[in-house]
Each structure stands twice: as structure tokens, then as C-alpha cells.
Amino acid sequence: MVLCLLPLILGYSENPLPEMTSLAESHGIRLFSLPTVGREVDAFSFMFDGVPYIAVDTSKTAERVRFDIAHGMGI
């Protein structure tokens with residue numbers, strides 16, 4: 001239920017979300033790419049010194065990277 005409300009909280013109402021990289025960065029989330037680390041890890045997120053980060057494997061498809069960023073944001 002809470003995840004369904006996140007686009008509303010971010011101010012996007014029921015409109016489609018913008019490009020995920022821009023969306024994440026506009027909310028202070030830092031993104032970086034991972035080298036290919038195998039099938040077990042597509043992406044991960046963490047906090048460091050109060051700053052949220054999402055690391056994605058950019059060797060994956062653009063659709064997968066978009067999904068991974070959205071997932072890391074909790075959307």
C-alpha cells in the first residue's frame with residue numbers, strides 16, 4: 001500500500017513517472033554503475049553518511065536498469 005503512494009508523495013499524481021535516472025537524482029539519490037558481478041546481483045542500494053545510493057549493473061538491458069533503479073527507490 002505504501003509503495004503505491006510513493007509517486008503521489010513525490011508529486012507525480014497518476015501521471016507516468018519520468019526517466020528513472022533523472023527521478024532518482026532529483027531526489028538526492030546518487031547512482032553509480034557496477035561492473036558485471038554475475039547473475040546473483042543486478043543492483044543494490046545503501047545509505048552512506050545519510051546519502052542514499054543505488055548501484056546498477058549497466059551491462060543489463062535498459063529496461064532492467066530502469067526496473068532496478070525503481071526497485072531501489074521503493075517504487
Side-chain angles (χ1 to χ4, degrees):
M1 176 71 172
V2 173
L3 294 181
C4 296
L5 296 176
L6 190 56
L8 297 173
I9 293 167
L10 296 176
Y12 294 101
S13 65
E14 294 183 11
N15 296 320
L17 292 173
E19 198 269 326
M20 283 294 125
T21 299
S22 298
L23 178 64
E25 290 175 343
S26 73
H27 290 283
I29 300 169
R30 297 192 182 167
L31 302 173
F32 63 96
S33 60
L34 291 171
T36 301
V37 292
R39 295 178 198 237
E40 295 82 26
V41 178
D42 288 325
F44 62 91
S45 58
F46 62 95
M47 295 282 287
F48 181 74
D49 285 339
V51 178
Y53 291 84
I54 299 174
V56 295
D57 181 347
T58 54
S59 71
K60 306 291 184 184
T61 66
E63 295 82 9
R64 182 62 200 204
V65 170
R66 178 179 167 86
F67 172 84
D68 290 338
I69 293 170
H71 185 263
M73 292 178 63
I75 297 177

Straight-line distance of Glu25 CD to Ile69 CD1, nearest 0.5 Å: 8.5 Å
Between CZ on residue Arg66 and OG1 on residue Thr21, distance to nearest 0.5 Å: 9.0 Å
Hydrophobic cluster membership, Met20 vs Ile29, 4.5 Å side-chain cutoff: yes
Transitive ILVMFWY side-chain link Leu23 to Val65, under 4.5 Å: yes
Those residues that, when tested against Ser59, pass side chain to side chain donor-acceptor pair (under 3.5 Å) (two or more places apart): Thr36, Asp57
Any residue meeting side-chain contact (heavy atoms from CB on, under 4.5 Å) with Ala43, in chain and number order, not counting sequence neighbours: Val56, Asp68
For residues 47-55, run the donor-acceptor check on the side chains, cut-off 3.5 Å, and write out each pair with its distance to 0.1 Å, sequence neighbours left out.
from, atom 1, to, atom 2, distance (Å)
Tyr53, OH, Arg30, NH1, 3.4

